Amino acid sequence: MTPDSVGPFSRPILVERTLKSGQPVTVEANEEERAALARDFGLPGIARLAGTFRLTGSLHRLQVTGTVEAALTQTCVVTLEPFDATVTEEVDVDFADQDAFAGTPAEDADIPDPIVNGRIDLGSLTAEFLALGLDPYPRKPGVAFEPPAEEGEETPFAALRGLKGNDV
């Protein structure tokens, strides 16, 4: 979550102010942000997207916990029909000063997300966990994949089978 990676839903917050208040923070995507995220994620639409977070720790080492909830429309991979769905994802992410792990190879440690200039972006975090919660092969409720029948059914290669053995 560097400033370069900010997407269509951004809600940077000051870590110090939020820690002092001790209150949960809720971020909600507006209509324009939801439309942009729907395009980015290949969804017909997102009716609602919200994240509720609690910050604990210090200005240098922070834990963010909470929940991301969305009401959206997906396209069934079997029938290609749109259908309404919900996503609920639990969030538990560690953040640390941007320089705390400088020079540490990524494969050597579980490096926390960076706190950049005393801020973290709860909008980007919400969008990230929405993406994690999306079913990559969504099916409309009650729809099952039926493999094609093997015998007696015309296939695209049936005409080629008729040519087999013939000298053309």
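Position 1 is the first residue of the sequence; numbering continues from there. Computed from a predicted model, the values in this text were never measured in an experiment.
Gln74 has its side chain within reach of Leu134: a pair of non-hydrogen atoms, C-beta onward, lies under 4.5 Å apart. By the 4.5 Å heavy-atom criterion applied to side chains, Val116 and Asp121 are not counted as neighbours. Residues Val27 and Ile13 fail the side-chain proximity criterion, which asks for heavy atoms closer than 4.5 Å. In this structure, Val87 and Val68 have side chains that are not in contact, with every pair of non-hydrogen atoms separated by 4.5 Å or more. The shortest distance between side-chain heavy atoms of Thr75 and Pro138 does not fall below 4.5 Å.
For the pair Asn117 (side chain) and Arg119 (backbone), a donor-acceptor distance under 3.5 Å is absent. Put simply, the side chain of Arg34 never gets that close to the backbone of Glu28: no donor and acceptor are under 3.5 Å apart.
The OG1 atom of Thr18 lies 9.0 Å from the CG atom of Leu62; values are rounded to the nearest 0.5 Å. Rounding to the nearest 0.5 angstrom, the gap separating the CD atom in Glu33 from the CD1 atom in Ile46 is 10.5 Å.
Under the 4.5 Å side-chain heavy-atom criterion for ILVMFWY residues, no single connected hydrophobic cluster contains both Leu14 and Leu122. Note on Leu80 and Val143: separate hydrophobic clusters, where clusters join Ile, Leu, Val, Met, Phe, Trp and Tyr whose side-chain heavy atoms are under 4.5 Å apart, directly or indirectly.
Between Thr73 and Pro44, the shortest heavy-atom distance links the atoms O-CD, 3.0 Å. The two residues Pro114 and Ile120 come nearest to each other via the heavy atoms O-CG2, 4.3 Å. Of all non-hydrogen atoms in Ala127 and Leu37, the two that sit nearest each other are CB-CD2, 3.9 Å. Here the shortest heavy-atom pairing between Cys76 and Phe83 reads N-CE2, 3.6 Å. Nearest heavy atom pair, residue Glu89 against residue Gly133, reads OE2-CA, 3.4 Å. The two residues Gly7 and Ser124 make their nearest non-hydrogen contact at N-OG, 4.3 Å.
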Give every donor-acceptor pair under 3.5 Å between a side-chain atom in residues 48-59 and any protein atom, sequence neighbours left out.
residue, atom, partner, partner atom, Å
Thr52, OG1, Thr26, OG1, 3.2
Arg54, NH1, Gly22, O, 2.8
Ser58, OG, His60, N, 3.2
Ser58, OG, Arg61, N, 3.1
Ser58, OG, Arg61, O, 3.4

Please walk me through it: do Val93 and Phe129 pass side chain to side chain contact (heavy atoms under 4.5 Å, CB included)? CA-CA 11 Å; Val93 179; Phe129 275 82; 3.6 Å; yes
